[in-house]
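Some notes on the structure that comes next.
Chain identifiers are assigned alphabetically (A, B, ...) following the order of the sequence lines, protein sequences preceding nucleic acid strands; residue numbering begins at 1 within each chain. Everything numeric here is computed off the predicted structure, so don't read it as measured data.
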Protein chains: 2
Amino acid sequence: MKTYQEAIQQIRARGYRLTRARQGVLKLLWKKRKPLAASDMQDLLAKQGIIVNKTTVYRELEFLAQEKHIEEVRLHDGRRYYECVSSHHHHLICVTCKSIDDVILENEFEREERQIEREAGFKVLNHSLEFFGVCAQCQ
Amino acid sequence: MKTYQEAIQQIRARGYRLTRARQGVLKLLWKKRKPLAASDMQDLLAKQGIIVNKTTVYRELEFLAQEKHIEEVRLHDGRRYYECVSSHHHHLICVTCKSIDDVILENEFEREERQIEREAGFKVLNHSLEFFGVCAQCQ
DNA sequence: TTGACAGATGCAACACAGTTGCGTTAGTAT
DNA sequence: ATACTAACGCAACTGTGTTGCATCTGTCAA
């Protein structure tokens, strides 16, 4: 639920610079509101005249994730995706058109996680849940 | 819940061959009962004298998954894992020692999936849930 | 036992995501 | 304007997974 402006301010407050790549990546994720992978972002930035090396994109994403401005997401195609921080949600992934939508569930496994900690002695830190299927457009 | 012998019989019944690599991979997955990645299996096979090319391992895994003798699993490190078929379960992944354990939940989101289909028009085919945390040994 | 068919294999070369070292560039504060 | 150092570009590299093609081998039938 952080805004683009808040992220910018926090970056400056911590003594980091506002480079074209940094602003570009942030703006992209806040505008699209969808998980994007590094090469997608490099292409999208290039279209708006921001030509950056792929190494820069990877390092920028690592930096922004470390600073908690964005979050890494894995969607089971082997690539790393990133999205802007928002309330905890899960993804609906269309196996046909690959589109990604968010979904917020009421049940967030608090009971199940307690059961796991009790029965397996496993301390749950976080979880990951994705639904695969066919979106409304592709049916 | 398929046994190793059943898998072997089904493979022969469908006219496919029983090669060293094929038997080796199957035996490994039935013995370990844990998700294994291609390169892990190549190493484990080599230790028991079964030297196979990585291409063979990848093709074997694809074949066995297609024939429904094994299942592909993604564990968010970007690699493809495979495990022998058993009842529907989820994974507990230790962020410290990377060990993987199974967990079976009572709630399998039938209600949530119906909600998703009703509200988003998204037809759910399957889902994927993993828990990340610290296992009993690593605490 | 042998021969032959086709499934299975090895090899080399490739594709792609992501990483590393290092010299250079460019935001920012003074 | 200057200097400090965060950030960048480049080239080379790692690891996972894929492809084309020539070769090999499990299986079955004669």
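At a cut-off of 3.5 Å, with distance as the only test, a side-chain donor of A:Lys2 or A:Gln10 sits close to an acceptor on the other residue.
Between B:Glu112 and B:Asn107 there is a side-chain heavy-atom pair separated by less than 4.5 Å.
The stretch residues 53-64 of chain A touches DNA chain D through A:Asn53, A:Thr55, A:Thr56, A:Arg59, A:Glu60, each having a heavy atom under 4.0 angstrom from the strand.
The interatomic distance linking A:Ile51 (CD1) with C:dT25 (P) rounds to 19 Å, in whole Å. Computed from coordinates, the B:Arg79 CZ to C:dA17 P distance equals 18 Å when rounded to whole Å. Rounded to an integer number of Å, the gap from CD of A:Gln23 to P of D:dA7 is 12 Å. For the pair A:Leu36 CG and C:dG18 C1', the interatomic distance rounds to 17 Å; values are reported in whole Å. Between A:Tyr16 atom OH and D:dA7 atom P there is a gap of 7 Å when expressed in whole angstrom units. If you measure from atom CZ of A:Arg14 to atom P of D:dA7, you get 11 Å, rounded to the nearest angstrom. In this structure, the CZ atom of A:Arg20 is 11 Å from the C1' atom of C:dA26, given to the nearest Å. As a whole-Å value, the separation of B:Asp77 CG from C:dT19 P is 13 Å.
Among residue pairs with one or both ends in residues 95-119 of chain B, those qualifying as ring-ring contact (aromatic ring centres under 6.0 Å, His included) are A:Phe109-B:Phe109, B:Phe109-B:His127; sequence neighbours excluded.
Cation-pi check for A:Arg22 over A:Phe63 is met; the charged atom lies under 6.0 angstrom from the ring centroid and within 45 degrees of its normal.
The base of D:dA6 sits with one of its N or O atoms less than 3.5 Å from a complementary donor or acceptor on the side chain of A:Arg17.
Here the nucleotide nearest the side chain of B:Leu18, chosen from D:dG17, D:dA6, D:dT27, is D:dT27.
A salt bridge is defined here as a Lys NZ or Arg NE, NH1 or NH2 lying under 4.0 Å from an Asp or Glu carboxylate O, and B:Glu72 with B:Arg74 meets this definition.
When atom types are taken as modelled, the side chain of A:Gln139 and the backbone of A:Val134 share a donor-acceptor pair closer than 3.5 angstrom.
When A:Leu75, A:Val95, A:Leu92 are each tested for a side chain to side chain contact (heavy atoms under 4.5 Å, CB included) with A:Phe132, only one passes: A:Val95.
Heavy-atom distances to DNA chain D give each of B:Arg12 and B:Gly78 a nearest nucleotide, and the one nearer the 5′ end belongs to B:Gly78.
Residue contacts shown for B:Ile11 are absent, as no nucleic acid heavy atom lies under 4.0 Å away. Residue A:Ala37 is out of contact with every strand shown, counting any heavy-atom pair closer than 4.0 Å.
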